[in-house]
2 protein chains.
Amino acid sequence: MELSERKQKILATIVEQYIRTGEPIGSKSLMEILPMKVSSATIRNEMAELAAMGLLEQPHTSAGRVPSHAGYRYYIDHLMHTRELDDDSRRKIESAIGSGSDPEHVLTRAGEVLADLTGCAAVSTTPAGESTRIRRIEMVPVGSRTAMLVLLTSTGILKSRICRTDTPITVPLLERFYNVTRSQLVGKPLSDVHTTAMQTLAASLGADAFSMLPFLAGIAELARDASQTDIHLDGQSNLLGYRELEDNAYELMEFLRNGEPLSALISSSRGDVQVLIGKENKFRQLANSSVILARYDVGGDESGTLGVIGPTRLDYAKLIPSVRFLTDLVGRLLTRSIDDEE
Amino acid sequence: MELSERKQKILATIVEQYIRTGEPIGSKSLMEILPMKVSSATIRNEMAELAAMGLLEQPHTSAGRVPSHAGYRYYIDHLMHTRELDDDSRRKIESAIGSGSDPEHVLTRAGEVLADLTGCAAVSTTPAGESTRIRRIEMVPVGSRTAMLVLLTSTGILKSRICRTDTPITVPLLERFYNVTRSQLVGKPLSDVHTTAMQTLAASLGADAFSMLPFLAGIAELARDASQTDIHLDGQSNLLGYRELEDNAYELMEFLRNGEPLSALISSSRGDVQVLIGKENKFRQLANSSVILARYDVGGDESGTLGVIGPTRLDYAKLIPSVRFLTDLVGRLLTRSIDDEE
DNA sequence: GTTAGCACTCGGACGCTTTGAGTGCTAACT
DNA sequence: AGTTAGCACTCAAAGCGTCCGAGTGCTAAC
């Protein structure tokens, strides 16, 4: 689709103005903003053509124009000048996230910062990937027949669980447990540690199998847990402020609350920053919303996602660099804290 | 305040009807519901007196009556017949919460269940108390100069943190760390493990002090973290469905999102189940809401809180027993999983 | 290709009326 | 004394017509 320079300028201005105000733009007010000096009638003609191409829409006959989804798309792909974050904001973000905490904290904070920064809802997922391994397993007795199992992954994710058995937990049993787990499980990829693998492992233990099985089963569950990405959501309340989301606010909130569709949405994220405008994502509840998704990498094949969910009239020019900056930062922090120079 | 039997009956019926429908009740419709056979005029007289006593309110002259805060209070204190949970719901709750997981999971689940059960927002806090002790400390190297510190409390709360030093982490250092922590810290109350205590402890180590300090400082931070109750919130979106909360929905959500006022609210919870109607809590944002709070105990002096936040027209007769049931269940589960017969 | 001019459209605001649920009061009834 | 029927009154909500103005599309002139 080729647009004359003037049409481009008009489209860009409408998009930017609408993003700022949320009000449809008429030919007259547009005339005052545009740098070129043309009459409103000329602008009307151009706008009519843009509307015919499907780039603009009219809420009703006597209202101004509003960008259509295609209009946003064209703007983002061809017209947008991204505005890099100023140093001040960068520093603010960096200090808000801090540095010395574990991945889960970093991601929670990143979500908070993103929500505040954008005035939208923000999602973050814990890193996951095929090559994630078990870094450590601990078993802490908390009663004569009860123990807390703790599993730490190579991505720095910690999972825990209480486990109960019929036979008392003795020191020899603990030793046996550590022997088995250290030699057979630690260092293995999470995906290798499923329930059936645990059963064959337990079977090979002979006499101890009976007392050991609950704990090995517990480890299997932890491994499964840890290989699933956790989704953290923040700033839902920000969405209540947008008029255009008002009518299906409840649906939207319910959608976000429910982890499954959200994770389906997120798992569609590809490299770099990705923008899904309105119906470009396939969820009815998000038909009036836009989503910005970006991956962060944690070395190896492991990666997670940060995302922003808001109305279609997002300030893409600002948000895309912001999200990119945050994913880079998070990726760097997590890579550093996990891999170091090991 | 003494009320005639008939007035009591009328008040109770208005409260219950209003809780069900959310619509003001007029004398005529009330006449049809009431078991006694009196004319609407008589009811009007009684209602006028109840209104004069401050137990009923009129949204406007030509509307029916609505219970005032005092009316709810009287109803709860004198008229309400609580409806115990049926076995079916009990089983549903029990299976939803499961059993074999750690405190944080249990509480998260309890929050979810409570939100679903009540159609309101639910809060849950992790247990805390003066006597909470350190049960275990682990230090897992994740790089040549980086380690993950893990702290487990006697209440089963796990906290972790990445720590970095300037000197490489060696096997002797690790041994020293475990010696010090096992002998000096494990078993101590969390409140004893503050930063200054750590500094004096480090000082006593002589040569190792320098390399050890960052880790001891990390432990101090973890102890501080662990002694603060974490608040988990669920089901905010449920609140959007209530007309009476609509106008300050945004404020309400922001209030809930912000941990501090929420924890102030929760910390006011006393023994058994406590109901705060409308302005009985001191937060402007909750003036149109009611809060039900209940403590669960985990043996010793440790306890946490479960709560429900919704409109003033909560179904108290059902919710109070529900919340009580859940706190009992959570208390039992956490006590069992933590203390066992140790 | 641009512009001035003009008739036209349509949502939103305003004001008016109607409707009906609900009230308070009075006077009669038990 | 308590209860009831009856009635005038109130007031929010809904419906309706009008006006206003922002904005449009079209035409004819530049």
Side-chain angles (χ1 to χ4, degrees), chain A residues 2-11 13-18 20-68 71 243-244 246-247, chain B residues 2-11 13-18 20-68 71 243-244 246-247:
Chain A
E2 277 301 312
L3 291 187
S4 73
E5 196 158 330
R6 192 167 67 185
K7 279 203 181 60
Q8 292 192 358
K9 191 70 197 160
I10 288 177
L11 177 57
T13 309
I14 291 179
V15 171
E16 280 157 18
Q17 193 65 9
Y18 184 66
R20 270 208 12 242
T21 65
E23 301 287 331
I25 324 294
S27 54
K28 220 159 161 188
S29 52
L30 188 52
M31 179 178 63
E32 280 155 26
I33 306 171
L34 277 176
M36 54 193 117
K37 43 191 191 314
V38 284
S39 76
S40 63
T42 311
I43 296 176
R44 274 205 292 287
N45 289 332
E46 297 280 47
M47 283 165 86
E49 288 178 46
L50 285 169
M53 289 186 235
L55 297 173
L56 294 180
E57 279 172 355
Q58 263 179 303
H60 53 264
T61 331
S62 70
R65 299 305 215 289
V66 157
S68 69
R243 268 199 307 296
E244 56 264 62
E246 226 160 51
D247 13 341
Chain B
E2 277 301 311
L3 291 187
S4 73
E5 195 157 331
R6 192 168 66 185
K7 281 204 181 58
Q8 293 192 357
K9 191 70 196 158
I10 288 177
L11 177 57
T13 310
I14 290 178
V15 170
E16 280 157 17
Q17 193 66 9
Y18 184 67
R20 269 208 13 243
T21 64
E23 300 287 331
I25 325 294
S27 56
K28 220 159 161 189
S29 52
L30 187 53
M31 179 179 63
E32 281 155 25
I33 306 173
L34 276 176
M36 55 193 117
K37 44 192 190 314
V38 285
S39 76
S40 63
T42 312
I43 296 177
R44 272 204 293 287
N45 289 332
E46 297 281 46
M47 283 165 85
E49 288 178 45
L50 285 168
M53 290 186 234
L55 297 174
L56 294 179
E57 279 173 354
Q58 263 179 303
H60 53 264
T61 331
S62 71
R65 299 306 214 287
V66 158
S68 69
R243 269 198 305 297
E244 55 264 62
E246 225 159 52
D247 12 340

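Just so it is clear, the model here is predicted, and its values are computed rather than measured. These numbers come from the heavy atoms of this one structure, side chains and all, not from hydrogens, waters or symmetry mates. Every chain is numbered from 1 and lettered A, B, ... according to where its sequence line falls, protein lines coming before strand lines.
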Heavy atom of residues 36-50 of chain B under 4.0 Å from DNA chain C: which residues?
-> B/R44, B/M47

Would you say the side chain of A/L55 lies within less than 4.5 Å of the side chain of A/L3, judging by non-hydrogen atoms?
-> yes

What's the spacing between B/S4 OG and B/L50 CG if we round to 0.5 Å?
-> 8.0 Å

Nearest-angstrom distance from the residue atom CD1 of A/I25 to C1' of D/dT24 | 15 Å

Report the distance from atom OH of B/Y18 to atom C1' of C/dG22, rounded to the nearest whole Å.
-> 16 Å

Backbone N/O of B/G54 and side chain of B/S68: donor-acceptor pair under 3.5 Å = yes

B/M36 CE to B/I43 CD1 distance, which is reported to the nearest 0.5 Å = 7.5 Å

Check each residue of residues 53-62 of chain B for a non-hydrogen atom within less than 4.0 Å of any atom in DNA chain D, then write out the ones that pass by number, or none.
-> B/H60, B/T61, B/S62

Minimal heavy-atom distance between A/V38 and A/M31, with the atoms involved, is O-CG, 3.3 Å

Expressed in angstrom and rounded to an integer, what is the separation of A/Q17 atom CD from D/dG23 atom P?
-> 12 Å

Rounded to whole angstrom units, what separation is found between the CD1 atom of B/I10 and the C1' atom of D/dG2?
-> 14 Å

Reported CD1-to-CD distance for the pair B/I25 and B/E16, which is rounded to 0.5 angstrom | 11.0 Å

For the pair made of CG in B/L30 and C1' in C/dG22, what is the distance, rounded to whole Å?
-> 12 Å

Cationic N near anionic O, under 4.0 Å, A/E2 to A/K7 | no

Would you check if the side chain of B/T21 reaches a backbone N or O of B/Q17 as a donor-acceptor pair within less than 3.5 Å?
-> yes

Can you tell me how far C1' of C/dG5 sits from NZ of A/K28, to the nearest Å?
-> 12 Å

Of all the heavy-atom pairs spanning A/Y18 and A/P67, show the shortest one and how long it is.
-> CD2-CD, 3.6 Å

Within-4.5 Å side-chain heavy-atom neighbours: A/L30 and A/R65 | no

B/S40 side, atom OG; B/L34 side, atom CG - distance, nearest 0.5 Å = 11.5 Å

Rounded to whole angstroms, how far apart are CD on A/E23 and P on D/dG21?
-> 18 Å

For DNA chain D, what string of dots and brackets results from 5' to 3' when Watson-Crick and G-U pairs need both distances under 3.5 Å, crossing pairs get [ ], and pairs with another strand get |?
-> ||||||||||||||||||||||||||||||

May I ask you to evaluate whether A/R65 reaches the phosphate of D/dA22, defined as a side-chain N or O under 4.0 Å from OP1 or OP2?
-> no

